[in-house]
Structures are given as structure tokens and as C-alpha cells.
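In what follows, a structure is listed as C-alpha cells, so that the remarks can point back to it.
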Amino acid sequence: AENGVTEMFLVSENTTSYGKDLGDLQLMEKVLPEIAALPGVERVRLSYLQPAEMRPTLLQAIVATEKTAPYFDLSFQHASPTVLRRMRRFGDTDSFLHLITQIRALSPQAGIRSNVIVGFPGETDAEFEELINFLSQARLDAIGVFGYSDEDKTEALTLSDKVDQDVINSRVELLSKLVDEFLMQRAEERIGEHVRVLIEDEESQEGRAEHQGPEVDGSTFIKGRAKYKVGEYVDAIITEVSGVDLIAVPL
């Protein structure tokens with residue numbers, strides 16, 4: 001912060017587990033206000049939240065703590081309970097949609113992003129369809145679609161029923177096209193919203209609103225005669241969309 005950084009991005013393999021090894025399962029709830037209180041800090045953002053570990057106290061802390069972005073980077077990975085069990089994960093379409101409903105009940109403009117994997121060993125057509133069904137209802141702001149591939153020293157490497165690579169490729173292509181449509185629809189829903197944009201490119205007046213993480217999510221472009229410098233925060237109203245990106249006019 002002393003060097004001019006205004007947005008703190010908390011990154012880990014599993015941010016919801018922070019404090020487990022220290023004997024305090026709610027340590028993140030205590031850390032957030034301390035970071036937000038640092039002089040110069042304007043925005044705090046969390047990433048890599050495990051849906052099965054999203055406790056009510058952490059949800060409340062993200063929404064209620066001053067300067068903490070209502071941004072939920074939830075690692076769903078899939079929506080079929082059988083695929084998730086094979087991944088050694090927990091959850092299903094209903095529980096994930098319930099969590100999303102809880103988030104939006106507390107913060108209607110919250111940003112929710114996730115990544116999903118298709119073609120995990122044993123994935124059937126029905127399980128793939130369940131993932132599509134979930135994403136069609138979730139109204140997420142950003143979705144990364146990845147095809148399964150063997151990785152060294154992973155348990156999945158030893159699993160049988162590997163999905164044919166051609167099938168994985170076709171599922172990635174199909175889901176990616178659908179995801180583009182889902183994200184455009186979600187972007188259009190945001191027209192008329194008030195956002196606070198951190199300018200990151202002076203020439204194009206491109207920046208990020210609270211619900212947009214760096215590099216992996218969409219952007220917001222400020223429209224108008226005024227030119228803002230990199231690092232400035234601009235209060236604006238979203239007026240139109242360009243694909244998954246937003247266009248806004250300053251207040």
C-alpha cells in the first residue's frame with residue numbers, strides 16, 4: 001500500500017481453509033477487516049473459495065466488511081455429484097444453486113466466477129448434461145472451461161474409464177459456445193448498475209469493477225470525454241455491453 005497498491009488480491013489453493021492449521025477456522029473473517037483498514041487500501045478481493053466450505057460467517061464477512069469486493073471465485077469444477085465424488089469433491093446442482101441464491105440475497109450485484117472441467121474419467125453424457133443445466137441456471141459472471149488431461153502425481157491419472165480425447169474436445173467446444181451465451185446474458189443483466197471501476201489502461205479507459213477479477217474476468221470500459229489515469233477509481237453506470245465486457249459512463 002505504501003508503494004501505491006490499492007487492491008489486495010488474496011490468493012491461495014483454498015482460501016476458505018485459511019486458519020485451519022492455526023486452530024481458528026474463522027481467521028479469514030478476522031483478517032479481512034485488518035487488511036481493509038490499512039491506509040491506502042481501497043479494495044480487497046478473495047479468490048479460490050471452495051463451495052463445500054463456504055460458511056455463513058465468511059459469506060457475511062465478504063459482504064459486510066468495508067472495502068471487500070463482493071466477489072466470489074467459487075471452485076465448482078462440475079455439478080454432477082457422481083463426477084465430484086470421483087474428484088474427491090462434494091456438492092451438486094441444488095446445493096450450488098442454493099449457495100448462489102444465498103450470496104445474491106445478501107449482495108444482489110455480487111460477482112460470481114468459476115472454472116469447470118469436462119471429460120473427467122467416467123464422465124457420461126448425462127453427467128455432462130447436468131453440468132450444462134447447472135451453468136444455464138447459475139448466471140455466473142465468468143466461467144473457465146477446461147478439458148481433462150492426465151497430470152503426473154494425481155489420483156485421476158490411475159482412474160479407469162478415461163473419456164476419449166475427441167469426446168473431450170467436442171464437449172469443451174460445445175460448452176464453451178454455451179458459456180459465451182450465458183455470460184453475455186449475465187452482462188446484459190448488469191445494464192443500469194452502479195459500479196466503481198479501477199482504471200488499468202489509460203488509452204482505452206479500460207478497468208475493472210468490483211465483480212471483475214484481474215486477467216481472468218471481463219473488463220469495464222469508461223465512455224466519455226474525461227480521461228482517467230491508471231489507478232484512479234471511477235464511479236459509473238453501466239449503459240451497454242460488448243460481448244462479456246461492460247461499457248459505462250461516469251457519474
Flag if over 12 foreign heavy atoms under 6.0 Å of CE, Met54: yes
Tyr18 and Ser12, any side-chain heavy atoms less than 4.5 Å apart: no
Test item: Glu202 and Lys227 side chains (from C-beta on) under 4.5 Å apart, heavy atoms: no
Sole candidate of Arg139, His211, Arg104 that passes side chain to side chain contact (heavy atoms under 4.5 Å, CB included) when paired with Ile112: Arg104
Side chain to side chain contact (heavy atoms under 4.5 Å, CB included) evaluation trace for Thr93 with Glu130: CA-CA 8 Å; Thr93 295; Glu130 182 161 3; 3.3 Å; yes
Leu183 CG to Leu178 CG distance, which is reported to the nearest 0.5 Å: 11.0 Å
Exam field: side chain Ser107 to backbone Ile103, donor-acceptor pair closer than 3.5 Å: no
Student check: side-chain heavy atoms of Glu123 and His78 closer than 4.5 Å: yes
Euclidean distance, Asp24 CG relative to Lys30 NZ, rounded to 0.5 Å: 3.5 Å
Sidechain N-carboxylate O distance under 4.0 Å for Glu127, Arg86: yes
Ion pair check, Arg113 and Asp141, cut-off under 4.0 Å: no
Lys/Arg-Asp/Glu bridge criterion (N-O < 4.0 Å) met for Glu173, Lys177: yes
Salt-bridge criterion met for Asp166 and Arg171 (N-O under 4.0 Å): no
Option passing ring-ring contact (aromatic ring centres under 6.0 Å, His included) with Phe134 (candidates Phe128, Phe182, Phe76): Phe76
Any donor-acceptor N/O pair, Asp92 side chain to Pro81 backbone, under 3.5 Å: no
Same apolar cluster: Tyr48 and Leu59, side chain cutoff 4.5 Å: no
Arg45 and Glu210 ion-paired at < 4.0 Å: no
Atom CZ of Phe90: over 12 foreign heavy atoms under 6.0 Å: no
Donor-acceptor pair, side chain of Thr6 and main chain of Val41, under 3.5 angstrom: no
Carboxylate-amine/guanidinium contact Glu53 Lys20, below 4.0 Å: yes
Trace of the side chain to side chain contact (heavy atoms under 4.5 Å, CB included) decision for Ile247 with Ile238: CA-CA 6 Å; Ile247 298 173; Ile238 299 168; over 6 Å; no
Donor on one side chain, acceptor on other, Glu151 and Ser149, under 3.5 Å: yes
Leu46 side chain reached by Asp73 side chain, heavy atoms, under 4.5 Å: no
Under 3.5 Å side-chain donor-acceptor pair for Asp201 and Gln205: no
Side chain to side chain contact (heavy atoms under 4.5 Å, CB included) between Leu140 and Val179, worked out: CA-CA 9 Å; Leu140 303 180; Val179 159; over 6 Å; no
Closest heavy-atom pair and its distance - Leu159, Pro121: CB-CB, 3.9 Å
Nearest-0.5 Å distance that lies between atom CG in Leu174 and atom OG in Ser170: 7.5 Å
Side chain to side chain, Thr15 and Leu58, heavy atoms closer than 4.5 Å: no
Ser219 side chain to Glu206 backbone, donor-acceptor under 3.5 Å: no
Candidate pair Glu188 and Glu240, rule side chain to side chain contact (heavy atoms under 4.5 Å, CB included), full reasoning: CA-CA 7 Å; Glu188 290 172 351; Glu240 53 188 305; over 6 Å; no
Exercise: do Asn133 and Gln137 side chains pair donor with acceptor under 3.5 Å: yes
Neighbour count above 12 (heavy atom, 6.0 Å) for Tyr233 OH: yes
Residue pair Asp217 / Tyr71, side-chain donor-acceptor N/O under 3.5 Å: yes
Atom pair CZ (Phe221) and CG (Asp245), whose distance is rounded to the nearest 0.5 Å: 5.0 Å
Side chains of Thr57 and Glu29, donor plus acceptor under 3.5 Å: yes
Crowding at NE2, His194 (>12 non-hydrogen neighbours, <6.0 Å): yes
Min side-chain heavy-atom separation Val163-Phe120 under 4.5 Å: no
Verify same cluster id: Val11, Leu198 (apolar side-chain graph, 4.5 Å): no
4.5 Å side-chain heavy-atom contact, Phe96 and Leu84: yes
Donor-acceptor contact present, side-chain Gln102 to main-chain Leu97, <3.5 Å: no
Sub-4.5 Å side-chain heavy-atom contact between Tyr228 and Ile222: yes
Test item: side-chain donor near acceptor, Gln212 and Thr220, under 3.5 Å: yes
Thr16 (side chain) donor-acceptor with Gln50 (main chain) under 3.5 angstrom: yes
Charged N-O contact under 4.0 Å between Glu232 and Lys229: no
Point-to-point distance, once rounded to the nearest 0.5 Å, from CZ of Arg55 to CE of Met28: 8.0 Å
